[in-house]
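The structure appears below as C-alpha cells.
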Amino acid sequence: MPPSIPKGTRDFTPEQVNRRNYIFDTIRKVFVAFGYQPIETPAMENLSTLTGKYGDEGDKLLFKILNNGDFLDKADADALAARDSSRLAPSIAKRGLRYDLTVPFARFVVMYQHEITFPFKRYQIQPVWRADRPQKGRYQEFYQCDVDVVGSDSLYYEAELVQIYDSVFHKLGLPVAIKLNNRKVLSGIAEVAGIADRFVEMTVAIDKLDKIGIEGVRTEMLGRGIDATSVAIIEDILQITTIDALKTRLAASETGAKGVEELETVFDYLSLAPVHNEVRFDVTLARGLSYYTGCIFEVAAKGAQMGSIGGGGRYDNLTGVFGLKGVSGVGVSFGAERIYDVMLELGLFPDDAAAGLQVLFVAFDEATHRYAFQALSQLRAAGINADLYPKPVKLAKQMEYANKRNVPYVVVVGSEEMAQGQYTLKNMQSGEQERVDLAGLLHCLRERG
RNA sequence: GUGGUUAUAGCUCAGCAGGUUAGAGCAUCGGAUUGUGGUUCCGAAGGUCGUCGGUUCGAGCCCGAUUAGCCACCCCA
C-alpha cells in the first residue's frame, strides 16, 4: 500500500517551506508596520458557529468532524432512517474545520468585546479548509492571511488596506492591479435598472465578466430572470470607467450616490500618499460574498494567468449574527497559496542561501572528527549555521553530501590541520581552499555568510 | 454536485495492428578514485503495467465497472 495524503492537501519540502515563509514574513511585517496585532483561533469551531454563514454552497463545503465515542447514540433517528445526510449531520458532528478566518474573527470579537479596544486591528495567518473539489491554485487545505479592523466605519481604513496590499506586493516584487468598487454602487445599478430585488443574481453574473465576457454576463442575467431592458441598462453602466461618469449615471439612486461618495473619499486619501501598483476603480468588480456592504477589493497579478490573489471588503454587520450589533468592519485577505504559485511562475523568489546551512565540517578519522566537533560548536555559538558530517567516512561521500545540502562552504579537517590548530576552508562554488585558524574561520564565515 | 481527461520503475515519460523476456532519462546503490564534491565512464538493483471483471489462442494496449489524480463548471483564495 503506497503512502498518500488526503485529496487537496500538500506536503512541503524544506525549499518550499522557506519560500512560503518568505511570503508569510513579508506579509506579517507589513501588517505589524501598519499597527495590526496577531490573534489565532482553533482549527475547529463549533459547527453552529460556521453553518449558515457562507450560504448554501458554503455549508456543503464545510468539513465536519465526527463526534467521538458512541456518536450513533445521539444521532437523529428520523434523519438516519430517512438517509437524510444533511439533516443527520448536526446530530453526529458538533464541530467543523474553519472555512475562513473572518467568521472565527467575528466570533472572537463578540466573545472578547469587553477586553478589546476599538477600533481593533488584527491580523491572522492560519490554514483554512474547504471540501471543494481541488483544481489549479485551489486546495482543500490552504493558508489565508487576513487583516481586519472592526469598530470603526472610517473610510480611512479602506485606504489603509489598499496601502497594505500595495506595500506587500511591492516588497514581494510582484506587480498587481488593485481593484476597488463599492457594494452600494452595485445596489445603485440594480435600482437604476429597476431590479433591486434581483441584486444578488446581478452581482453573481457581473462577477464573471472577466471570465465569460459581456456576452456571457448578458446570457447569465437573462437566464437568471432579469428582463432585457434592465440588462441593457446594466450593460451600459458596466462600460463606465470613471467615478465622475458613474456619479452622473447613478444620481437617481440614493444608495448608489452614497457608494460613489465613499469611493471618492477613499481615492482622495490615496492621492495623498504614493503607491507603487496600479489602483483603479472597476465597476465590474462584484465579489460573491454576501456579507459585504461597502467598499470591495480585489487583487490580480499582472502577467500571470491566475484568479484573484486577494480580496476583501467592508461588512457593516458581521458580528450581528453573534449578537453584537452596530460594529462595522473592513478587511482584506491574501491568498498565500496563489501568490506562491504566481511568484514561482514568474521566478520572483530570491536566491535563498541565507536561510540554509552555511558550512559543513568533514573529517578523516575519529580524532579529527572530535576536533571538528569542537570548532563546530563554537561556530554555532557565534550564530553561524553549521553542521558536521556524522561519521568520518570516505571524503568523497562527505563532499557529495555537502553538495546536496547546497552548502557554500566546507571545512576539511585532517591530521595536518589538527596538528597545527588550523582548518581548511573550501569554497564549494569556486573550489578554492585556504588554511585558517579558528578566528580566521569565524571571520571568513561572518564576512561571507 | 456536474462534465472532461489521465493512471506503466522512487520521479518524468516511451511502448505496438492485440503477439516471446515491458524500455529510456533522472534519482538510488557499487566501482573507476584510501585528503576533495558538483562534469565523465562502467556496472547493479528496481515492475503482479491503479484495482476488479470481460472479450481473445493470447491484453500494458480493446470493452465494462471501480478507485485515485489532474483540468474545467458551480463557488471561491
Assign each of A:P134 and A:E416 the nucleotide of RNA chain B bearing its closest heavy atom; nearer the 5' end lies the nucleotide of A:E416
Using atom [atom1] in both nucleotides, what's the gap between [N] and [M] to the nearest angstrom?
| N | M | atom1 | value |
| --- | --- | --- | --- |
| B:A59 | B:C16 | C1' | 12 Å |
| B:A7 | B:U51 | C1' | 11 Å |
| B:U33 | B:C42 | P | 16 Å |
| B:U2 | B:A45 | C1' | 46 Å |
| B:C61 | B:G18 | C1' | 7 Å |
| B:A14 | B:G25 | C1' | 10 Å |
| B:C62 | B:C49 | C1' | 15 Å |
| B:U21 | B:G58 | C1' | 16 Å |

Return the value, rounded to whole Å, for the distance between atom [atom1] of [X] and atom [atom2] of [N].
| X | N | atom1 | atom2 | answer |
| --- | --- | --- | --- | --- |
| A:Q422 | B:G35 | CD | P | 20 Å |
| A:Q140 | B:A68 | CD | P | 12 Å |
| A:L62 | B:C76 | CG | C1' | 13 Å |
| A:E417 | B:U36 | CD | C1' | 11 Å |
| A:Y401 | B:U28 | OH | P | 14 Å |
| A:E201 | B:C75 | CD | C1' | 15 Å |
| A:K60 | B:C73 | NZ | P | 18 Å |
| A:F334 | B:A77 | CZ | P | 14 Å |

Touch check for [X], heavy atoms < 4.0 angstrom, all strands: base, sugar-phosphate only, or nothing?
| X | value |
| --- | --- |
| A:I339 | nothing |
| A:G310 | sugar-phosphate |
| A:S415 | base |
| A:S333 | nothing |
| A:R224 | sugar-phosphate |

*Carboxylate-amine/guanidinium proximity below 4.0 Å for A:E278 and A:K179*: no
Closer than 4.0 angstrom, basic N to acidic O: yes or no for A:R380 and A:D387? yes
Once hydrogens and angles are ignored, does a donor-acceptor distance under 3.5 Å link the base of B:U36 to the side chain of A:Q433?
yes
Once hydrogens and angles are ignored, does a donor-acceptor distance under 3.5 Å link the base of B:U36 to the side chain of A:K426? yes
message: Tell me if the aromatic rings of A:Y36 and A:Y123 count as close, with their centers under 6.0 Å from one another.
response: no
With ring centroids as reference points, do A:F31 and A:F334 lie under 6.0 angstrom apart? yes
Check your understanding: If you draw the axis of the six-membered ring of A:Y99, does the NZ or CZ of A:R130 fall within 45° of it and under 6.0 Å from the ring centre?
Key -> yes
Check whether any side-chain N or O of [X] sits under 4.0 Å from OP1 or OP2 of [N], and answer yes or no.
| X | N | result |
| --- | --- | --- |
| A:K404 | B:U28 | yes |
| A:Q135 | B:A72 | yes |
| A:K208 | B:C73 | no |

- Query: Between A:F142 and B:A77, do the rings stack, that is, sit under 5.5 Å apart with planes less than 30° off each other?
  - Reply: yes
- Should the ring pair A:Y112 and A:F108 be called parallel, tilted or perpendicular, given that the plane angle runs from 0 to 90° and is split at 30 and 60? tilted
Parallel, tilted or perpendicular: which fits the ring planes of A:Y156 and A:Y269, with parallel below 30° and perpendicular above 60°? perpendicular
Strand partner of [N], provided both Watson-Crick or wobble distances fall under 3.5 Å:
| N | result |
| --- | --- |
| B:A68 | B:U6 |
| B:G1 | B:C73 |
| B:G30 | B:C42 |
| B:C62 | B:G54 |
| B:A24 | B:U12 |

I want to verify a distance call: between [options], whose nearest atom is closest to the [X] side chain?
| X | options | value |
| --- | --- | --- |
| A:K136 | B:G35, B:A72, B:A77 | B:A72 |
| A:R338 | B:A72, B:G31, B:A77 | B:A77 |
| A:R133 | B:A77, B:G69, B:G1 | B:G1 |
| A:N403 | B:A77, B:C75, B:G37 | B:G37 |
| A:M428 | B:G37, B:C76, B:C71 | B:G37 |
| A:D132 | B:G35, B:C75, B:C76 | B:C75 |

Test log, rule ring pair (Phe, Tyr, Trp, His ring centres under 6.0 Å), inputs A:F267 and A:F281:
CA-CA 9 Å; A:F267 276 101; A:F281 159 68; 7.2 Å; no
